[in-house]
There are 2 protein chains.
Amino acid sequence: MSQRNTGVTSQVVNAQACPVREVLDRVAGKWSVQILVAASHGPIRFTELERGIEGISRRMLTLTLRNLERDGLVTRTVHPTVPPRVEYELTPVALELHETLQRLTDWAEHNRHYIAQARAVYDAEHRPELLDV
Amino acid sequence: MSQRNTGVTSQVVNAQACPVREVLDRVAGKWSVQILVAASHGPIRFTELERGIEGISRRMLTLTLRNLERDGLVTRTVHPTVPPRVEYELTPVALELHETLQRLTDWAEHNRHYIAQARAVYDAEHRPELLDV
DNA sequence: CAGTATCCAGAGAGATACTG
DNA sequence: CAGTATCTCTCTGGATACTG
């Protein structure tokens with residue numbers, strides 16, 4: 001993917017038509033990915049997720065799960081027992097997504113030092129104040 | 001960082017240690033990806049970006065570019081002419097990222113109908129009000 | 001247990017006037 | 001041209017009390 005810029009256009013990307021946006025809207029949230037990862041090993045209960053995902057609030061867990069469910073990425077199964085038992089499980093489509101995300105992770109893993117260093121350099125050059133706070 | 005860890009340690013995901021988070025923090029912003037895409041064909045000027053990316057404000061364009069630059073994903077080259085001419089170009093690392101994002105795009109493209117339908121079904125079942133607004 | 005309802009603070013983001 | 005400086009407002013997300 002390396003065509004050169006003709007210098008002309010730049011009608012670039014339309015946010016609405018752009019599938020990248022769609023994915024990211026679905027995945028980019030602070031918690032979505034963590035839920036996908038946490039649930040990738042099989043069915044998992046609400047409280048397990050709550051305890052497993054450091055720092056998530058009950059509210060956000062619920063909201064995020066609802067959205068994932070709405071998009072057909074997780075299924076929600078209520079076992080009518082007392083006390084109630086609700087299990088969440090990834091759908092096949094979500095498992096695919098999880099795999100795809102793995103690629104992104106690899107990229108991050110692979111380039112984390114590069115980025116960290118780039119930041120350090122940038123900060124040193126553009127915001128020296130930050131160094132001696 | 002809230003310290004309300006309830007006994008059982010989470011072995012799931014630690015936000016800080018998780019490289020997925022790192023990628024997404026970098027990419028998830030409303031504009032980052034669009035800039036990466038817009039610049040993927042070669043050097044591009046500030047105003048070209050501004051015009052090419054529908055709906056972006058001058059402020060957000062600047063902020064996002066600065067962040068990408070800070071992370072070593074774009075380079076900023078000032079040509080000392082009058083009027084000034086500044087060009088942004090993706091670094092090799094960013095080009096890799098762009099390619100990786102392509103995978104995600106493919107996933108979205110491939111499953112967009114599934115998701116759209118899942119949503120429709122969910123909304124019909126859980127929020128009938130929305131149907132006759 | 002598995003949520004919902006509520007209140008509240010801060011980051012994200014739009015609009016735009018001004019400047020080297 | 002390529003930004004910076006402000007002001008404003010919305011929306012996200014945290015904390016937590018309450019409930020079937």
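Labels below follow one simple rule: chain letters A, B, ... track the order of the sequence lines, proteins then strands, and each chain is numbered from 1.
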* Asked: Once you round to the nearest 0.5 Å, how far does CG of A:Leu73 lie from CZ of A:Arg26?
  ->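 Going from the CG atom of A:Leu73 to the CZ atom of A:Arg26 covers 7.0 Å.
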* To do: Report the nucleotide, chosen from D:dT16, C:dG3, C:dA13, that has the shortest atom-to-atom distance to any side-chain atom of A:Arg59.
  =>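 Nearest to the side-chain atoms of A:Arg59, counting from C-beta on, is D:dT16.
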* Asked: Taking the side chain of B:Trp31 as heavy atoms from C-beta outward, which of D:dA2, D:dG13, C:dA13 is closest to it?
  ->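 Closest nucleotide among those given: C:dA13.
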* DNA chain C: 5'-proximal contact among B:Leu63 and A:Leu65 (nearest heavy atom) ->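 Between the two, 5'-proximity favours A:Leu65.
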* For C:dA11, which nucleotide in any strand shown is its Watson-Crick or wobble partner with both distances under 3.5 Å? ->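 The answer is D:dT10, by the H-bond criterion.
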* Can you tell me the Watson-Crick or wobble partner of C:dG20, both distances under 3.5 angstrom? ->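 Matched C:dG20 with D:dC1 under the 3.5 Å cut-off.
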Once you round it to whole Å, what is the distance between [atom2] of [N] and [atom1] of [X]?
X	N	atom1	atom2	value
B:Leu24	D:dT12	CG	C1'	17 Å
A:Phe46	C:dA2	CZ	P	8 Å
B:Arg66	C:dG12	CZ	C1'	18 Å
B:His126	C:dG3	NE2	P	11 Å
A:Leu61	D:dA15	CG	P	14 Å
A:Met60	C:dA5	CE	P	16 Å
A:Ile56	C:dA2	CD1	P	14 Å
A:Arg76	C:dC1	CZ	C1'	12 Å

* Would you classify B:Thr47 as touching base, sugar-phosphate or nothing, given that sugar-phosphate means primed atoms plus P, OP1 and OP2, and contacts are heavy atoms under 4.0 Å? =>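 Counting heavy atoms under 4.0 Å across all strands, the contact made by B:Thr47 is with sugar-phosphate only.
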* To do: Classify the nucleic acid contact of A:Arg45 as base, sugar-phosphate or nothing, counting any heavy atom under 4.0 Å across all strands shown.
  =>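 Contact class for A:Arg45: sugar-phosphate only.
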I want to check one thing: is the phosphate of [N], taken as OP1 and OP2, less than 4.0 Å away from some side-chain N or O of [X]?
X	N	value
A:Ser57	D:dA15	no
B:Arg58	D:dC1	no
B:Tyr88	D:dC1	no

* So, the side chain of A:Ser32 versus the backbone of A:Ala28: is there a donor-acceptor pair under 3.5 Å, distance only? ->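 Not confirmed, A:Ser32 side chain does not pair with A:Ala28 backbone.
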* Do B:Tyr122 side-chain atoms and A:Glu69 backbone N/O form a donor-acceptor pair below 3.5 Å? ->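 Not at all, since once roles are kept as given, no pair shorter than 3.5 Å links the two residues.
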* Asked: What are the two closest non-hydrogen atoms of A:Ala38 and A:Ile44, and how far apart are they?
  ->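 Shortest heavy-atom contact: O-CD1, 3.8 Å.
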* Which one of A:Thr75, A:Thr77, A:Val74 satisfies the side-chain contact (heavy atoms from CB on, under 4.5 Å) criterion with A:Tyr88? ->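 That would be A:Val74; it is the only one of A:Thr75, A:Thr77, A:Val74 passing the side-chain contact (heavy atoms from CB on, under 4.5 Å) with A:Tyr88.
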